[in-house]
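Here the structure is laid out as structure tokens; the discussion comes afterwards.
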Amino acid sequence: MEYTSTTLLGVTRTQYIAQDSGTTFQKRLYDPRLGWRETSVRQLTVQDELVARLTLDRPVEDGQWARRCDYCRVRPVGVLRRR
């Protein structure tokens, strides 16, 4: 799964790739200023992070325009690894 967010600094991506048993995930973060970073996280952490992002209400001063550019999509693992 990939969550893409548009900010004033550019487009950030957060990818979650299930590992062998599905109880742990590889979390890949892309920031245009820092490049890619990877960590391993538990399934419950992924669920909490996605719920927080998908239910986020940003205040108007944070830029409603950016919120409209955010999206979450499920992609094949091969596509995620190539990005």
(message) Any salt bridge linking Glu2 with Arg75? Criterion: basic side-chain nitrogen under 4.0 Å from a carboxylate oxygen.
(response) yes
(request) Find out whether Thr4 and Thr12 are in side-chain contact, i.e. whether some heavy atom of one side chain is under 4.5 Å from a heavy atom of the other. (result) no
(request) Under the salt bridge (charged side-chain N to carboxylate O under 4.0 Å, His left out) rule, collect the residues that match up with Asp31, sequence neighbours excluded. (result) Arg33
(request) Using side chain to side chain donor-acceptor pair (under 3.5 Å) as the criterion, list what pairs up with Thr14, not counting sequence neighbours. (result) Arg53
Which atom pairs, one a donor and one an acceptor, fall under 3.5 Å between side chains of residues 16-27 and the rest of the protein, sequence neighbours left out?
from: Tyr16; atom 1: OH; to: Glu49; atom 2: OE1; distance (Å): 2.6
from: Gln19; atom 1: NE2; to: Ile17; atom 2: O; distance (Å): 3.2
from: Ser21; atom 1: OG; to: Thr23; atom 2: N; distance (Å): 3.4
from: Ser21; atom 1: OG; to: Thr23; atom 2: OG1; distance (Å): 2.8
from: Gln26; atom 1: OE1; to: Arg81; atom 2: NH1; distance (Å): 3.0
from: Gln26; atom 1: NE2; to: Glu38; atom 2: OE1; distance (Å): 2.6
from: Lys27; atom 1: NZ; to: Glu49; atom 2: OE1; distance (Å): 2.9
from: Lys27; atom 1: NZ; to: Glu49; atom 2: OE2; distance (Å): 3.0

(request) Would you give the length of the straight line joining atom CG of Leu29 to atom CG of Leu34, rounded to the nearest 0.5 angstrom? (result) 10.0 Å
(request) Could you walk me through whether Arg28 and Trp36 pass side chain to side chain contact (heavy atoms under 4.5 Å, CB included), step by step? (result) CA-CA 7 Å; Arg28 300 179 71 217; Trp36 285 100; 3.8 Å; yes
(request) Locate the shortest heavy-atom distance separating Pro32 from Gly10; write the atom from each residue and the value. (result) CG-CA, 4.1 Å
